[in-house]
There are 2 protein chains.
Amino acid sequence: MTKHQKIAADLRDAITTGEYPAGSLLPAIPDLMSRYGVARDTVRDAIATLTNEGLVLPRRGVGTVVRETAPVQLGYSGSRAVARTWQDQAGAGQDEVISAEWEPADPEIAERLGVEPGSRVVHRVRHFAKGSGIAQITDQWLPEHVVTAVHENGAGDLADAAHRPDTGADLFRLLADAGHAPVEADETITTRMPDPLEREAMELPPGVPVLVTYRITTDGSGRPVETTTAVGAGDRMSARFRLPLKY
Amino acid sequence: MTKHQKIAADLRDAITTGEYPAGSLLPAIPDLMSRYGVARDTVRDAIATLTNEGLVLPRRGVGTVVRETAPVQLGYSGSRAVARTWQDQAGAGQDEVISAEWEPADPEIAERLGVEPGSRVVHRVRHFAKGSGIAQITDQWLPEHVVTAVHENGAGDLADAAHRPDTGADLFRLLADAGHAPVEADETITTRMPDPLEREAMELPPGVPVLVTYRITTDGSGRPVETTTAVGAGDRMSARFRLPLKY
DNA sequence: GAGTGGTCTAGACCACCAA
DNA sequence: TGGTGGTCTAGACCACTCT
């Protein structure tokens with residue numbers, strides 16, 4: 001085990017055993033340098049390891065802060081009305097439509113929606129905010145025939161974010177009223193590290209991954225009525241499901 | 001923007017634009033040193049950034065390899081028989097029971113199962129393997145009354161991994177036969193970086209987070225029959241759901 | 001053996017924060 | 001103002017891989 005690995009292991013143990021509780025500071029770099037008899041960058045390597053594990057957050061002028069371990073909300077508090085609920089750690093936030101516009105479907109979106117690549121779709125971008133920051137960025141696409149049906153039903157233009165700010169269940173009701181009631185969603189959830197843009201938008205500290213959700217929603221005939229890609233901050237979002245079991 | 005940030009940004013762009021496709025090598029460190037006129041550690045800082053983003057994987061004696069971008073499997077290939085399926089990128093793997101033993105319930109498990117802390121529960125550990133490596137580690141706990149019911153039903157001892165290696169749907173059938181049919185699962189999915197033990201067990205490269213699933217399964221009376229915590233490799237696992245919609 | 005990345009040093013200067 | 005972490009250098013040696 002190298003020196004910086006040894007230092008990282010020592011500090012990690014001290015954090016997990018509670019010697020350095022959440023919110024407290026690790027010893028300063030010069031302190032650790034003399035304690036272990038190593039150079040500055042060796043200590044920094046060790047701290048970088050813990051930073052990338054999401055354990056600590058170095059702050060200039062302050063010190064290396066031990067991060068809160070994100071408690072995962074459990075227990076039976078969810079609603080039975082929907083099979084799936086997004087939640088953060090302490091209740092709901094605000095889902096806001098940032099933009100909505102027509103665009104040609106790229107190959108992936110076209111395949112998800114079962115339309116020809118390049119055909120017209122409405123692309124809606126939403127930000128789910130909790131407190132001061134953005135916790136999830138959602139990209140949603142709807143095929144032209146669904147948007148047209150909603151419009152002809154007198155419900156307005158889904159490509160107009162200002163006049164149709166609907167999200168989630170509200171949007172689904174619009175589709176249902178227009179004869180395209182969503183009856184099933186096919187969701188796939190995975191995770192990865194954020195790219196720099198996502199890191200900036202959601203103010204993600206180092207060592208925090210994102211939850212990525214891909215969804216295709218279909219109506220009674222099995223035809224897709226919308227597809228969604230959502231990227232959520234891993235330290236603030238979790239996905240919760242109530243599933244009827246068959247086996 | 002600092003020098004190492006600039007270098008990282010340049011390399012990231014080159015990767016995403018396809019100049020360095022997956023599997024290819026980045027320029028060697030001495031090469032980048034002379035190209036940018038910087039010291040070795042400055043280049044290493046830049047490469048460390050990309051490593052922690054999951055983009056590259058430095059290999060001694062070889063070079064800095066551009067990683068495959070994990071393609072997410074989409075489309076309608078899942079079974080309707082169960083509402084949720086775990087899958088890796090190319091089919092199913094092997095779920096093996098590593099251990100099964102009685103232990104006193106710690107406070108969290110006791111709360112999930114609705115039993116007294118310290119009461120006897122069976123703790124089963126499973127490894128889900130795909131190819132050569134472990135893709136998911138599952139910890140499962142069952143309350144004493146359920147284990148007893150299965151045993152009295154003549155189905156053997158769930159604390160005996162060798163004789164009761166059942167997982168997933170097979171295990172659920174045992175519970176159902178013993179009068180504790182699971183009818184609903186409450187799942188919460190989140191993500192975080194792995195700890196060193198998880199990283200070693202699942203052979204996780206740097207920059208790969210884990211998917212964490214918490215589940216409580218209940219029978220027809222709403223009483224928990226098992227609870228599970230699963231940790232899956234973010235680059236090999238995704239969770240897929242088919243959800244009936246209500247709104 | 002040649003080339004790759006990994007570790008480590010000793011020192012310097014900068015950016016930031018709180019008292 | 002003093003202490004914190006962030007960046008960067010020039011050089012050295014080590015561990016590993018491939019030929």
Side-chain angles (χ1 to χ4, degrees), chain A residues 1-12 14-15 20 22-67 196 199-200 203-208, chain B residues 1-12 14-15 20 22-67 196 199-200 203-208:
Chain A
M1 181 177 291
T2 64
K3 292 184 182 179
H4 79 259
Q5 287 174 340
K6 163 69 171 166
I7 299 173
D10 285 354
L11 293 174
R12 190 188 297 110
I15 290 172
Y20 301 118
S24 68
L25 296 180
L26 257 44
I29 289 180
D31 193 356
L32 292 169
M33 286 169 63
S34 61
R35 188 179 304 187
Y36 286 92
V38 297
R40 180 187 187 80
D41 279 12
T42 303
V43 172
R44 286 195 66 248
D45 267 359
I47 293 178
T49 297
L50 303 180
T51 303
N52 290 319
E53 290 174 359
L55 285 178
V56 301
L57 191 58
R59 296 181 59 192
R60 263 200 278 224
V62 177
T64 302
V65 184
V66 178
R67 288 185 45 193
R199 203 177 290 244
E200 183 186 15
E203 297 173 21
L204 290 172
V208 174
Chain B
M1 183 178 289
T2 64
K3 293 185 181 179
H4 79 260
Q5 287 174 340
K6 162 68 171 165
I7 298 172
D10 285 354
L11 292 174
R12 190 187 297 112
I15 291 173
Y20 301 118
S24 67
L25 297 178
L26 256 45
I29 289 180
D31 192 356
L32 292 169
M33 286 169 63
S34 61
R35 187 179 304 187
Y36 285 94
V38 298
R40 181 184 186 84
D41 279 12
T42 303
V43 171
R44 286 196 65 249
D45 268 358
I47 293 179
T49 298
L50 303 180
T51 302
N52 290 318
E53 289 174 0
L55 285 179
V56 301
L57 190 58
R59 297 180 58 192
R60 263 201 275 223
V62 178
T64 302
V65 184
V66 178
R67 288 184 45 192
R199 190 164 286 183
E200 183 187 15
E203 296 172 20
L204 290 172
V208 174

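Quick caveat: nothing in here was measured; it's all calculated off a predicted structure. All values below come from the heavy atoms of this structure, side chains included, with hydrogens, waters and symmetry mates left out. Below, read A as the first sequence line, B as the second, and so on, with proteins coming before strands; counting in each chain starts at 1.
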Nucleotide [N], atom [atom2] - distance to [atom1] of [X] in whole Å:
X     : N      : atom1 : atom2 : result
B:L25 : D:dT17 : CG    : C1'   : 12 Å
B:I47 : D:dC8  : CD1   : P     : 14 Å
A:M33 : D:dT4  : CE    : P     : 12 Å
B:K3  : D:dT7  : NZ    : C1'   : 9 Å
B:L50 : C:dG5  : CG    : C1'   : 15 Å
B:D41 : D:dG11 : CG    : P     : 14 Å
A:D45 : D:dT7  : CG    : P     : 13 Å
B:M1  : D:dC8  : CE    : P     : 12 Å

Open item on the list: Nearest heavy atom decides the nucleotide; on that basis, is A:G63 or A:R44 closer to the 5' end of DNA chain D?
Closed with: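 Closest to the 5' end, via its nearest nucleotide, is A:G63.
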In Å, rounded to the nearest 0.5 Å, how long is the span from [atom1] of [X] to [atom2] of [Y]?
X     : Y     : atom1 : atom2 : answer
A:I29 : A:D41 : CD1   : CG    : 9.0 Å
B:M33 : B:I7  : CE    : CD1   : 10.0 Å
A:I15 : A:L55 : CD1   : CG    : 5.0 Å
B:Q5  : B:D45 : CD    : CG    : 9.5 Å
A:L50 : A:T64 : CG    : OG1   : 9.0 Å

Open item on the list: Minimum heavy-atom separation for A:R67 and A:A22, please, with both atom names.
Closed with: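 A:R67 and A:A22 have their closest heavy atoms at O-CB, 3.7 Å.
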Task: A:P27 to A:L32 - nearest heavy-atom pair and separation - done: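 Looks like O-CD1, 3.6 Å.
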Task: Where protein sits on nucleotides 14-19 of chain C, one letter per nucleotide: B base, S sugar-phosphate only, - none, heavy atoms under 4.0 Å - done: -BBS--
Task: Selection: residues 51-58 of chain A, any non-hydrogen atom under 4.0 Å of DNA chain C - done: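 When residues 51-58 of chain A is checked for heavy atoms under 4.0 Å from DNA chain C, there are no hits whatsoever.
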Respond yes when some side-chain nitrogen or oxygen of [X] is under 4.0 Å from OP1 or OP2 of [N], and no when none is.
X     : N     : answer
B:T2  : D:dG6 : no
A:T64 : D:dT4 : no
B:T42 : D:dT9 : yes

Open item on the list: Looking at A:R59, I want to see if its CZ is surrounded by more than 12 non-hydrogen atoms of other residues, nucleotides or ligands under 6.0 Å.
Closed with: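 Result for CZ/A:R59: open.
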TODO: Give the nucleotide from the list C:dT4, D:dC8, C:dC8 with an atom nearest to the side chain of B:H4.
DONE: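 Nearest to the side chain of B:H4 among the choices is D:dC8.
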Open item on the list: Side chain of B:Q5 only, heavy atoms from C-beta on: which candidate in D:dG11, D:dT7, C:dG5 is closest?
Closed with: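 Of the candidates, D:dT7 comes closest.
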Task: Residue pair A:T49 / A:R12, side-chain heavy-atom distance below 4.5 Å - done: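 Yes - at least one pair of side-chain heavy atoms lies under 4.5 Å apart.
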